[in-house]
2 protein chains.
Amino acid sequence: MAPTSETLTAERILEATEEVLRRHGPAKATVVDVARALGVSHGSVYRHFRTKAALREAVTKRWLDRTSEALSGIVAEDRDPEGRLRDWLRTLFEAKRRKAGDDPELFATYTVLTDENGTAVGEHLADLTAQLTRIVRAGAEAGSFETTDPEATARAVFHATGRFHDPCHAREWERPGVEEEFTAVVDLLVRGLRGR
Amino acid sequence: MAPTSETLTAERILEATEEVLRRHGPAKATVVDVARALGVSHGSVYRHFRTKAALREAVTKRWLDRTSEALSGIVAEDRDPEGRLRDWLRTLFEAKRRKAGDDPELFATYTVLTDENGTAVGEHLADLTAQLTRIVRAGAEAGSFETTDPEATARAVFHATGRFHDPCHAREWERPGVEEEFTAVVDLLVRGLRGR
DNA sequence: CGAATGACAGATATTGAAATCTGTCAGCTG
DNA sequence: CAGCTGACAGATTTCAATATCTGTCATTCG
């Protein structure tokens with residue numbers, strides 16, 4: 001724990017905040033705790049983040065962005081759109097399920113954070129549906145998907161698979177049979193995308 | 001408010017409990033309140049329901065059953081399965097949305113109740129998917145739907161439309177554009193059901 | 001005699017006083 | 001002088017004392 005002597009940067013504060021959230025949970029993580037973890041006064045933290053809410057929002061954004069990045073690779077791949085769509089949805093599902101299953105407390109912490117940061121979540125969802133839209137549009141152009149409005153269709157796919165990525169369904173991700181349920185939903189959607 | 005003199009029956013207790021829940025909310029509704037509303041001692045209530053939890057579960061069941069009954073009519077109709085499927089889903093969506101929109105507090109109360117009564121909810125969901133299965137099977141037999149496993153397919157349809165009936169998405173039901181989102185999802189699913 | 005009561009023990013919830021936290025800012029420090 | 005500090009006011013949280021509730025059951029009532 002030596003290099004506390006480095007200059008205080010927003011990045012270091014965010015890292016310390018994540019650690020404090022991990023240790024104390026969302027209800028008891030205070031700005032004072034973050035400052036203490038960094039060996040500075042809490043006033044210094046307020047030099048980088050106007051409010052506690054802003055600090056928590058920044059942490060939330062970082063966390064959400066990490067998910068987006070992991071998925072954007074699949075969008076950029078050069079393969080058949082149907083395969084990419086299936087992989088994208090499966091990767092999203094698996095990532096969420098792993099996070100919720102491996103460290104339930106941390107996942108609960110981030111669920112609280114996302115609940116209080118509707119704006120950041122909204123941007124994240126816009127980001128994800130934009131990714132999906134690219135895949136759907138590629139499929140439409142390749143003739144493998146049939147749609148007049150790729151964006152609306154992508155949103156429909158995203159909403160229809162909500163059960164497998166929306167945190168409010170996290171409890172159900174451990175139940176036996178979810179795998180099959182996920183596959184059934186995706187199969188049905190892909191058949192719908194292919195059209196007649 | 002005269003006929004308090006009738007004999008104390010489980011039915012009357014349930015009605016009083018609903019009223020107390022409506023007035024005080026789920027956190028502050030006590031068995032003592034229910035007894036007071038009925039003009040009896042709380043000991044008498046315990047003669048009909050072993051615990052407070054059992055009483056709340058019974059109230060929850062009643063509420064959920066009312067929804068099921070409203071939908072079962074559509075299942076029994078003698079029309080094309082696709083139309084029945086669309087109407088069934090739309091009716092479910094509209095009913096939930098109306099309940100959540102018209103009396104948000106009461107809806108929140110029942111959301112708390114359903115959260116604490118996983119078993120009753122499970123039975124309710126089994127009931128609803130059984131209804132859906134009947135429609136899907138009728139469609140398969142009529143040749144308008146293509147599926148090897150009507151029950152699994154019905155569950156997939158139910159899960160895919162979760163955003164439009166699961167209480168944890170209630171906030172989103174008031175947003176502009178949900179109508180279109182609902183239609184987009186249902187259209188996609190119906191196309192998937194029709195097969196090639 | 002069956003149904004209802006109300007006193008009771010242990011569990012849970014409420015309350016208000018004390019402690020802590022948030023956000024600001026005048027002043028210190030390197 | 002740019003960045004940090006720590007004292008401060010008002011808001012929020014904690015905690016322990018107090019009140020209420022749950023569930024039981026010996027007793028009463030009709």
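Proteins come first, then strands; the chains are lettered A, B, ... in the order of their sequence lines, and each starts at number 1.
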What verdict does the salt bridge (charged side-chain N to carboxylate O under 4.0 Å, His left out) test give for Arg97(A) and Glu94(A), after you've listed the backbone C-alpha separation in whole Å, the side-chain angles of each residue and the deciding distance to 0.1 Å? CA-CA 5 Å; Arg97(A) 188 159 63 144; Glu94(A) 298 290 2; 3.3 Å; yes

Cationic N near anionic O, under 4.0 Å, Glu181(B) to Arg175(B): no

Short side-chain N/O contact from Ser41(B) to OP1 or OP2 of dT5(C), under 4.0 Å: yes

Distance in angstrom units between Lys28(A) NZ and dT14(D) P, rounded: 7 Å

Can you say whether the rings of Phe107(A) and Trp63(A) are parallel (under 30°), tilted (30 to 60°) or perpendicular (over 60°)? perpendicular

Write down the distance between CZ (Phe49(A)) and P (dG3(D)), rounded to a whole number of angstrom. 15 Å

Salt bridge Glu69(A)-Arg66(A), side-chain N to carboxylate O under 4.0 Å: no

Tabulate atom names and distances for all N/O pairs under 3.5 angstrom spanning the protein and nucleotides 18-23 of chain D.
residue	atom	partner	partner atom	Å
dT22(D)	OP1	Val31(B)	N	3.1
dT22(D)	OP1	Lys52(B)	NZ	3.1
dT22(D)	OP2	Val31(B)	N	3.1
dT22(D)	OP2	Val32(B)	N	3.4
dG23(D)	OP2	Tyr46(B)	OH	3.0
dG23(D)	OP2	Lys52(B)	N	2.6
dG23(D)	N7	His42(B)	NE2	3.3
dG23(D)	O6	His42(B)	NE2	2.9

Using 4.0 Å as the upper bound for N to carboxylate O, is an ion pair formed by Arg90(B) and Glu179(B)? yes

Using a strict cut-off of less than 4.0 Å between a Lys/Arg side-chain nitrogen and an Asp/Glu carboxylate oxygen, indicate whether Arg79(B) and Asp87(B) qualify as a salt bridge. yes

How close or far is atom C1' of dG30(D) from atom CG of Leu8(B), stated in whole angstroms? 16 Å

Closer than 4.0 angstrom, basic N to acidic O: yes or no for Arg155(B) and Glu180(A)? no

Would you call Asp33(B)-Arg36(B) a salt bridge at under 4.0 Å N-O? yes

Whole-Å distance, Arg47(A) CZ to dG6(D) P, equals 14 Å

Per the under-4.0 Å heavy-atom filter, residues of residues 13-25 of chain B near DNA chain D come out as none

